[in-house]
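Report on the structure given below.
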Amino acid sequence: MTAALTTDESARLRDVWERLATVTDPELDESVAAMGFAESVRVDGAGDVQIRLRLPTYWCAANFAFLMASDTREAVEALPWAGTVTVELQEHYCADQINLGVNGGLPFQETFSGEADGGLEALRLRFRRKAFQRRQELLLRCLVKRGYTAAALTRLSLPELTDLPLHDAEASRLRMRYVEIIREVGGGTDASGPAFLTVEGRPLDSDTFVAYLRELRRVRVSTEFNAQLCRGLLQARYAGRAPSEMPAYPSTGASRGAASGAEDQG
């Protein structure tokens, strides 16, 4: 029988799972917690943390697997009470190599010395740009559904967007996720600039707004198809092995909001 957790142990486990909810699969823009990739968390009395990760297939790309494992360790190490944080990627063809590199603090190119062409920043940026487009489309469609016109949205400044009186949880969540990413991708460095820019940093045009949303929809649908495929593969691979000790937390993913916030507008 498993001993009951103390209040302090429960709080630390919750802290870790909350950090895991911020670590995203680079391709899917869904958290490792929401996707079920984080199988278990252990925290001992000294504050040392052990996290076990699992992926949908044995052959998941090594660069994606490394990014998730490395980001997981970095996110949990940021907890003020955390001691040694160990990430164990399970049942993957590069698990030993990735675990050794990530837990040793090595970058990808050193972990795969002689095999990797370079670092992973270009790959990360490419998928963050797609995540930006997906989050932007979901928010724009949500606002259109709530009565905002293309002309109004293309004139909106970032401060005005953050101050919009949104009275439902779905719209507020989509806005929060979009504002999070606009500051790192898509010309979001000007705090008083337009709320909605293309990923290349160009202002949106109300005359081409509908066509622009159609283009973003293609990015979102592709991403969400891949996410659903990964969920199905993971469920088939680990049937009956649900993640343990995971408390309720708000998903960082947007796919469950797509049905209510992303209806097609032409």
Side-chain angles (χ1 to χ4, degrees), residues 20-39 52-72 75 87 89-95 98 108 116 119-142 170 173-174 176-178 180-182 184-186 198-200 212-239 241-243 246 249-264:
L20 294 180
T22 71
V23 178
T24 58
D25 177 302
E27 183 180 20
L28 307 179
D29 194 34
E30 294 269 9
S31 80
V32 297
M35 289 297 298
F37 296 167
E39 182 178 31
R52 297 182 66 181
L53 297 180
R54 61 189 186 176
L55 297 175
T57 73
Y58 182 78
W59 297 105
C60 284
N63 49 6
F64 288 174
F66 184 93
L67 273 174
M68 282 184 277
S70 179
D71 289 353
T72 292
V87 175
L89 179 62
Q90 307 291 308
E91 299 171 321
H92 184 273
Y93 79 104
C94 289
I98 289 173
F108 180 75
L120 298 178
E121 290 315 304
L123 177 72
R124 187 193 295 276
L125 177 60
R126 187 174 81 201
F127 284 108
R128 292 305 282 167
R129 286 162 69 92
K130 288 186 177 182
F132 167 84
Q133 291 176 307
R134 178 184 179 227
R135 295 186 192 188
Q136 185 185 78
E137 190 239 6
L138 285 167
L139 178 58
L140 284 171
R141 290 191 186 277
C142 176
E170 177 67 7
R173 183 181 70 84
L174 292 174
M176 178 189 70
R177 296 201 76 229
Y178 175 67
E180 283 175 355
I181 202 167
I182 195 175
E184 71 173 279
V185 180
T198 69
V199 75
E200 297 83 15
Y212 177 71
L213 280 188
R214 287 188 186 131
E215 183 61 30
L216 292 191
R217 181 182 183 276
R218 283 193 280 272
V219 175
R220 173 178 60 82
V221 169
S222 175
T223 300
E224 292 179 358
F225 173 82
N226 288 336
Q228 289 299 102
L229 178 62
C230 285
R231 285 190 177 94
L233 290 170
L234 189 78
Q235 184 177 19
R237 188 181 188 195
Y238 295 106
R241 287 172 57 184
M246 182 171 63
Y249 62 90
S251 169
T252 60
S255 61
R256 281 179 289 280
S260 61
E263 290 84 352
D264 291 337

> Does any donor atom in the side chain of Y238 or Q90 lie under 3.5 Å from an acceptor atom in the other side chain?
Replying inline: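 Distance-only check fails for Y238 and Q90.
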Heavy-atom closest contact ([X] atom, [Y] atom, distance):
X    : Y    : value
T24  : M68  : O-CG, 4.0 Å
N63  : F108 : CA-CE1, 3.8 Å
R237 : L55  : NH1-O, 2.9 Å
T72  : V87  : CG2-CG2, 4.0 Å
L89  : A95  : O-CB, 3.3 Å

>> Would you call the rings of F64 and F127 parallel, tilted or perpendicular, taking 30° and 60° as the class edges?
In response: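 If you compare the ring of F64 with that of F127, the planes turn out perpendicular.
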>> Does the plane of the ring in H92 sit parallel, tilted or perpendicular to the ring in Y58? Use 30° and 60° as the thresholds.
In response: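 Because their plane-to-plane angle lies in the 30° to 60° range, the rings of H92 and Y58 count as tilted.
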> So, do L67 and L123 sit near enough that their side-chain heavy atoms are less than 4.5 Å apart?
Replying inline: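 Counting from C-beta outward, L67 and L123 do come under 4.5 Å.
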>> Using side-chain heavy atoms (C-beta onward) and a distance below 4.5 Å, is P56 in contact with F37?
In response: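 Counting from C-beta outward, P56 and F37 do come under 4.5 Å.
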>> So if I apply the side-chain contact (heavy atoms from CB on, under 4.5 Å) rule between R135 and each of D29, I182, L140, which one comes out positive?
In response: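 Only match with R135 under side-chain contact (heavy atoms from CB on, under 4.5 Å): D29.
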> Any ion pair linking R134 and E137 (charged N to carboxylate O, less than 4.0 Å)?
Replying inline: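 No, this pair does not count.
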